[in-house]
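Worksheet: one structure, shown below.
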Amino acid sequence: MNIDPVDIERKITPKTKAIVVVHMAGFPADMDSIMSIAQKHNLKVIEDACHGPLSEYKGKKLGTIGDAGCFSFFSNKNISTGEGGMLITNNEDMAKRARLLRSHGMTTMSYQRAKGHATAYDIMEVGYNYRIDDIRASIAIVQLQKLLPDLQKRAEIRQKYVEGLSLIKGIVVPFADNTEFVSNYIMPVVLVNSIKEHRDIVREQLHMAGIQTSIHYPAIHKFSAYKDYGAQLPITEYVTDNEFTLPMFASLRDDEIRYIIANVKSIVK
Ligand SMILES: Cc1ncc(COP(=O)(O)O)c(C=O)c1O
C-alpha cells in the first residue's frame, strides 16, 4: 500500500525512536519509502507482520525487512497456538535483549539449569514473563508446515472474490491491485458513498443470510482510551465506518463464495 512520506515525516519528533508498520490484512506496506524515511531520520523499523506470515514485499518476507518483525499466534491468526507470538530480528543486540527481557531479565533459563548447562543466574534488569511455552511452540511448528498450502488456497479464494466483487458498484476491494504473494488473513471490503448505519444494515442482512462478517477495525482514536487526544482523521473514520470483512478460510467452497458475492450484490444494491 502506498504511503504519503510527507505525512509520516510530519509525525517524527526528536523523541521518535522507531517507525512501527502494520501490514494490514497481510498486504505489504510501502517498505521502500518507510525504510528510506527511517534511514534519513536514524530510526528503527518494527514490522507488525501479525497478519502476514509468509506474505511478501518485492520477494522479501514481511517481518524481515525492518529491524524486527512481530507475529501473533492468537486463536484467529493464520498460525494459531491459542495465545503466543514470535519476534524475529537479524540484529544480535536486539535478539539478546529480547531473550533477556522475555524471561524476567534472567541470564539463564530453568531449562538450561535443569539440563545442567548452568547452575546459577543473574537478573540484569527488570523483565517480563513473555515466554511462549514448549507445548504451544510445538503446535506452532506443526502449524507452520501447514501454512503454505493454506495460504495458496486463500489466494485462489481471494481471486474469485475480487473477480466477483469488482463487478458490484458501491463496493471497493482494498489492495485489489496487489500482485505480491500474501497471507490473505482477512477479506476486507469498503462501501462507497456510505455511512456507518448503512454498513451496519448491510452486515445485518448478510448475517440473516447466514454469512458472518466482521469489522477490521474500529478507529483506534475513537476508543475511550484515546479519544481525549482529539485526533481528527476523516479518511480513517470513513474507512473504519464503512468497512467490513467477508468470510475467508482455506476450506471455503466455490458455491459458498458465489453465494456470498450474490448476497453482497443484492444487499448493497
Ligand atoms: C496487527 C496486529 N498486531 C498485533 C496484534 C496483537 O497480537 P497478540 O494478541 O497475539 O499480542 C494483533 C492481534 O489481533 C494484530 O491484529
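Just the heavy atoms: all of them, side chains too, but no hydrogens, waters or symmetry mates, feed the values below. Every number for a ligand or one of its atoms is a count from 1 in the order of the listing.
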Could you check ligand 1 for N or O atoms lying under 3.5 Å from protein N or O atoms and list the pairs with distances?
residue, atom, partner, partner atom, Å
ligand 1, 3 (N), D48, OD1, 3.3
ligand 1, 3 (N), D48, OD2, 2.6
ligand 1, 7 (O), S72, OG, 3.3
ligand 1, 10 (O), S72, OG, 2.6
ligand 1, 14 (O), K77, NZ, 2.6
ligand 1, 16 (O), H51, NE2, 2.8
ligand 1, 16 (O), Y217, OH, 3.2

Give a yes or no on this: more than 12 heavy atoms of other residues, nucleotides or ligands lie within 6.0 Å of atom CZ of R97.
->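 Atom CZ in R97 is not crowded, with 12 or fewer foreign heavy atoms closer than 6.0 Å.
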Return yes when atom CD of E92 has more than 12 non-hydrogen atoms of other residues, nucleotides or ligands closer than 6.0 Å, and no otherwise.
->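 Not buried by this count: 12 neighbours or fewer within 6.0 Å.
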Identify the heavy atoms of S194 and N242 that sit nearest to each other, and give their distance.
->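 The pair with the smallest heavy-atom distance is OG-OD1, 2.7 Å.
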Say whether H207 and Q212, considering side chains only, have a donor N or O and an acceptor N or O under 3.5 Å apart.
->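 No - no donor-acceptor pair under 3.5 Å links their side chains.
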Within a strict 4.5 Å, meaning less than it, do heavy atoms of the K17 and K44 side chains meet?
->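 When only atoms from C-beta onward are counted, K44 and K17 do not touch, as no gap falls below 4.5 Å.
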Return the set of residues passing side-chain contact (heavy atoms from CB on, under 4.5 Å) with H221 (not counting sequence neighbours), or none when no residue passes.
->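 Applying side-chain contact (heavy atoms from CB on, under 4.5 Å) to H221 gives A219, A231, L233, T236, E237.
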